[in-house]
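Data block below; observations after.
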Amino acid sequence: MSAGTRKLEVTVTEVVEVNDLVKRFRFERSDGGEMPTFSGGAHTVVEMKDGDVTRLNPYSLMSDPRDRGSYTISVRRDEEGRGGSLFMHRNVKPGDRMVLSYPVNLFSLDLRARKHLMIAGGIGITPFLAQIKQLDATNGHFELHYAVRTASLGSYAEELKAHHSDRVHVYHDDRKEMIDLAALLDGQPLGTHLYVCGPKGMIDWVCRTAEEHGWPAEAVHYEEFLAPQSGKPFTVTLASSGRTIEVGEHQSMLEALEAAGVDAPYLCRGGACGQCETDVVSHDGTFVHRDHWLTEDQKACGKKIMPCVSRFEGRSLVIDR
């Protein structure tokens, strides 16, 4: 992990199969101390030692923020992913020692809101579980609309319905049930804030519809951690030393820098936080920008790149490192 990222040495104390695709993991501090505080919407980066490869994946904390005894995450197995979820599902068991980052919150509740309208899809339910527990403790006003593929894959849907039957609405894709988003957005009281977490298509749809219906940007919140995509190998040169580093086909630039012993900052590793924003000194080629952070003008000017998820195609790339 980055030298600037505080770490927690933890022990896995519980692994639960939630459904065919999702497992839940509970961690406690190996030294027996209390876990650092966090608020609903926070995530932690889990370090996985997978043979010669170190994987670092962000996962939303879903446990009660008032519980200082442990952290809980849920991981959806992705057979087509880069290996992190498969490692968690296949290798991690109770008693294992692991390393987590301290919590970071890029998806926090705006406590000025009079109501919190939540839209979740699939495993995107996890940050809302912690947020709902936080709101329960303060009698906060929320409403959740949760889209799942099938009832059997609706992680925590029954639990949420049992505790909040009047405020939780579940929609099943296999039953052709759809969220009437336009009507939902138009029917909210003044002071409502909107939150969405789920697949990219859902996030784009909710944000676009909210804009079309006149919702102010500051009242719309979303979280999406992008996984680095494969691409053509390329070489990056560090301006400070002239050192060249090869970025592999299935490796992000951030991972290549770390593997070469370069300390590169990060918080989310998913193109959302801006922490790893890097200045480009020179280049001869094309950028493949995949982040949520840079503006369209910044992407077009060729002077910035987010090493966690973006790539480069061309003859030469020199960055300010």
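All heavy atoms count here, side chains included; hydrogens, waters and symmetry mates do not. Nothing here was measured: the structure is a model prediction, and the numbers come from that model.
When side chains are defined from C-beta on, Phe27 counts as touching Leu100, because their heavy atoms get closer than 4.5 Å. Counting only heavy atoms from C-beta outward, the side chains of Val45 and His43 approach each other to under 4.5 Å. A 4.5 Å side-chain heavy-atom check between Val236 and Phe312 finds every atom pair outside the cut-off. By the 4.5 Å heavy-atom criterion applied to side chains, Gln298 and Lys303 are not counted as neighbours.
Under the 6.0 Å cut-off for aromatic ring centres, His292 and Tyr222 qualify, their centroids lying closer than that. Ring pair His141/His116: centre-to-centre distance not below 6.0 Å. Checked against a 6.0 Å centroid threshold, the rings of His164 and Phe142 count as neighbours. Taking the six-membered ring for Trp, Tyr146 and Tyr156 have ring centres at least 6.0 Å apart. Taking the six-membered ring where the residue is Trp, the centroids of His145 and His169 are separated by under 6.0 Å.
In the model, Thr13 has a side-chain atom that pairs as donor or acceptor with a side-chain atom of Arg26 under 3.5 Å. At a cut-off of 3.5 Å, with distance as the only test, no side-chain donor of Arg68 or Thr37 sits close to an acceptor on the other residue. Counting only N and O atoms by type, the side chains of Thr54 and Lys49 include a donor and acceptor under 3.5 Å apart. Residues Asn105 and Ser39 bring a donor and an acceptor atom of their side chains to less than 3.5 Å of each other.
Taking a cutoff of 4.0 Å between a charged side-chain nitrogen and a carboxylate oxygen, Glu255 and Arg311 do not qualify as a salt bridge.
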Practice task
Quick one: do Gln188 and Lys115 satisfy side chain to side chain donor-acceptor pair (under 3.5 Å)? Show the steps, please.
Solution key: CA-CA 9 Å; Gln188 297 304 315; Lys115 179 182 177 181; 2.7 Å; yes

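A parallel orientation is assigned to the rings of His221 and Tyr195, their planes being inclined by less than 30° (bins at 30° and 60°).
The salt bridge (Lys or Arg N to Asp or Glu O under 4.0 Å) pairs that include a residue from residues 97-110 are Asp110-Arg112, where partners are two or more places apart or lie in different chains.
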